[in-house]
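Since the structure comes first, as structure tokens, the remarks are kept for the end.
Here is the naming used below: chain letters follow the sequence lines, and residue numbers restart at 1 for every chain. Computation of the quantities below employed the complete heavy-atom set of this structure, encompassing side-chain atoms and omitting hydrogens, waters and symmetry-equivalent molecules. None of the values given here were measured: they were computed from a predicted structure.
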There are 2 protein chains.
Amino acid sequence: MRVDLVVCAITARALRVVLWRREEAPELGAWSLPGGFVADERESLRHAAERLMAERTGLTASFLEQLFTFGDPGSDPRGPFVSVTYLAVVAGAPKPRDCEFHDARKAPRLAFHHGDVLKMGVDRLRTKTEYSTVPLRFLEEPFTLSEVQNVYEVLLQRELDKRNFRRKFLALDALEETNELRREGAHRPARLYKTSPKKPDLLKEKGILFPF
Amino acid sequence: MRVDLVVCAITARALRVVLWRREEAPELGAWSLPGGFVADERESLRHAAERLMAERTGLTASFLEQLFTFGDPGSDPRGPFVSVTYLAVVAGAPKPRDCEFHDARKAPRLAFHHGDVLKMGVDRLRTKTEYSTVPLRFLEEPFTLSEVQNVYEVLLQRELDKRNFRRKFLALDALEETNELRREGAHRPARLYKTSPKKPDLLKEKGILFPF
DNA sequence: CCAAAAGTGTTGGCGTTACACCCATGG
DNA sequence: CCATGGGTGTAACGCCAACACTTTTGG
């Protein structure tokens with residue numbers, strides 16, 4: 001049983017995913033997603049996902065969620081594998097080890113079923129952006145509201161109105177104001193925020209969403 | 001590798017799920033979900049789900065979707081299984097073979113992790129009710145608008161306004177009007193509808209949802 | 001004093017909700 | 001003619017989207 005990962009980060013106003021160049025046949029030299037095998041019958045799937053993420057990329061996920069389980073034996077030339085896929089979000093702009101971040105919209109053709117997995121991961125992320133605070137996981141704490149808005153704009157692929165975004169996002173009550181300011185560059189310093197400790201990602205309470 | 005099923009139907013204004021009484025240890029006599037093992041490495045997960053559904057309940061799903069893959073070896077006393085779970089919807093009010101429909105809100109305690117699976121299935125169904133036409137799969141075609149409204153009311157667990165429901169649901173353009181009428185009982189006959197052939201279940205087009 | 005990003009309120013339009021009566025039929 | 005569920009339109013309200021200027025800082 002395999003675990004395959006869609007590992008996402010946001011840098012330079014674009015969504016990036018970790019790709020990996022295959023070093024053996026079949027599809028030698030093709031791009032693929034990082035992944036590997038569950039160690040043995042005693043390892044949980046989630047543990048395998050965390051372990052493989054560390055082993056393959058050297059990164060730690062700030063959000064990790066099961067995506068889908070592919071179990072169509074004929075679809076992989078390497079053998080009749082079941083592939084459990086995970087979506088991972090990484091905070092900040094780290095450097096992965098032994099692999100590269102690619103712009104999610106300009107990803108090359110991927111080996112095996114990995115193109116489908118990537119699409120499913122990115123779609124899920126974009127959908128969640130509309131009704132959850134998962135996008136906050138792309139940021140290192142503390143962060144500014146402008147940084148939050150930037151993450152949402154990248155994921156939703158459109159610009160948002162600053163005043164509306166701030167009013168609406170603060171109303172979610174998902175953030176905690178700090179007294180610190182970030183001063184950088186020749187302009188007014190920005191107030192810093194942290195995620196509120198005991199708030200879930202889901203916003204089903206009031207059907208709150210982001211249809212700006 | 002196991003496949004376990006949450007099989008749902010709606011009868012007598014309540015959501016029902018198929019439960020199965022275990023006939024062997026451990027948990028002999030306890031209620032559980034229908035399921036079984038994937039036949040061999042050549043059988044796809046979806047095929048296994050369809051096959052086990054037929055074998056265990058004698059029913060055919062009008063909607064079948066993968067739910068989640070449970071892979072925590074310590075959680076099942078029978079062994080270190082991976083359990084791929086599916087959500088199934090059955091149209092009409094059929095009689096399952098060798099098992100029983102229970103009211104989803106009054107389900108007894110279930111064996112193993114099946115309580116979690118049931119909750120996950122019912123939650124998913126209720127969530128999908130708000131932004132998809134999956135609930136139509138509970139109906140045999142052709143159906144009346146009142147029957148559609150009844151299904152949505154059962155799933156959303158509240159009453160909906162008849163005029164608003166009709167206007168909004170017809171605007172989805174997910175139904176096809178037929179010229180037939182259903183005449184039953186001492187009242188005006190109801191117009192019959194079918195699902196529109198080429199409409200997807202998802203209504204992401206216009207962010208349409210059901211916050212009545 | 002200039003540039004650059006942070007921060008802040010109000011209004012009009014549209015979509016949602018609330019609401020009551022007539023219609024067609026069988027018995 | 002009576003009971004039963006089918007079928008239909010409008011008006012008030014609230015929420016969403018659009019919009020521009022002041023503040024604070026570094027250089």
Show me the donor-acceptor pairs within less than 3.5 Å that the side chains of residues 97-114 of chain A make with the rest of the protein, sequence neighbours left out.
{"residue": "A/Arg97", "atom": "NH1", "partner": "A/Glu55", "partner atom": "O", "Å": "3.4"}
{"residue": "A/Arg97", "atom": "NH2", "partner": "A/Ala54", "partner atom": "O", "Å": "3.1"}
{"residue": "A/Asp103", "atom": "OD1", "partner": "A/Arg105", "partner atom": "N", "Å": "2.8"}
{"residue": "A/His113", "atom": "NE2", "partner": "A/Ser83", "partner atom": "OG", "Å": "3.2"}
{"residue": "A/His114", "atom": "ND1", "partner": "A/Leu33", "partner atom": "N", "Å": "2.9"}

If you restrict it to nitrogen or oxygen atoms, what contacts under 3.5 Å exist between nucleotides 21-23 of chain C and the protein, and what is each distance?
{"residue": "C/dC23", "atom": "O4'", "partner": "B/Arg188", "partner atom": "NH1", "Å": "3.4"}

Base D/dC16 paired with A/Asn164 side chain (donor-acceptor, <3.5 Å): no
Taking the six-membered ring of A/Phe37, is the NZ or CZ of A/Arg2 close enough (under 6.0 Å from the centre) and on axis enough (within 45°)? yes
Atom-to-atom span, CZ of B/Phe143 to C1' of D/dG6 - whole angstrom: 16 Å
Among C/dC19, D/dA20, C/dG26, the one nearest any side-chain atom of B/Ala186 is C/dG26
Take the protein atom CZ of B/Phe165 and the nucleotide atom P of C/dA18, then report the distance between them rounded to whole Å. 16 Å
Quick one: which of C/dT8, C/dG26, D/dG7 gets closest to the side chain of B/Arg166? D/dG7
Measure from the side-chain heavy atoms of B/His187 and tell me the nearest of D/dG6, D/dC16, C/dG7. D/dG6
Given D/dG6, C/dA3, D/dC19, which nucleotide is nearest the side-chain atoms of A/Asp161? D/dC19
Atom-pair distance (CZ on B/Phe169; P on C/dG15), nearest Å: 20 Å
Touch class at under 4.0 angstrom, heavy-atom based, for B/Arg167 against every strand present: base
Phosphate OP1/OP2 of D/dG6 contacted by B/Ser146 side-chain N/O (<4.0 Å): yes
Only one of A/Tyr193, A/Tyr152, A/Phe143 passes ring pair (Phe, Tyr, Trp, His ring centres under 6.0 Å) with A/Phe169, and that residue is A/Tyr152
In whole angstroms, the gap separating P of C/dA24 from CG of B/Leu192 amounts to 17 Å
Between D/dT10 (P) and B/Lys168 (NZ): distance, integer Å: 20 Å
Centre of B/Trp31's six-membered ring, under 6.0 Å away, within 45 degrees of the axis: is that where NZ or CZ of B/Arg21 sits? yes
Check step by step if side-chain contact (heavy atoms from CB on, under 4.5 Å) holds for B/Arg126 and B/Gln157. CA-CA 9 Å; B/Arg126 296 220 155 101; B/Gln157 299 181 98; 3.4 Å; yes
Would you classify A/Thr144 as touching base, sugar-phosphate or nothing, given that sugar-phosphate means primed atoms plus P, OP1 and OP2, and contacts are heavy atoms under 4.0 Å? nothing
Atom CZ of A/Arg182 to atom C1' of D/dT25: distance rounded to whole Å? 16 Å
Salt bridge or not for B/Glu153 and B/Arg158, using N-O below 4.0 Å? no
Rounded to whole angstroms, how far apart are CD on B/Glu177 and P on D/dG6? 16 Å
Whole Å only: how far is the CD atom of B/Glu184 from the P atom of C/dA24? 18 Å
Basic-acidic side-chain contact under 4.0 Å: A/Arg51, A/Glu43: yes
Judged by nearest nucleotide, the residue sitting upstream toward the 5' end of DNA chain D, A/Arg163 or A/Leu181, is A/Arg163
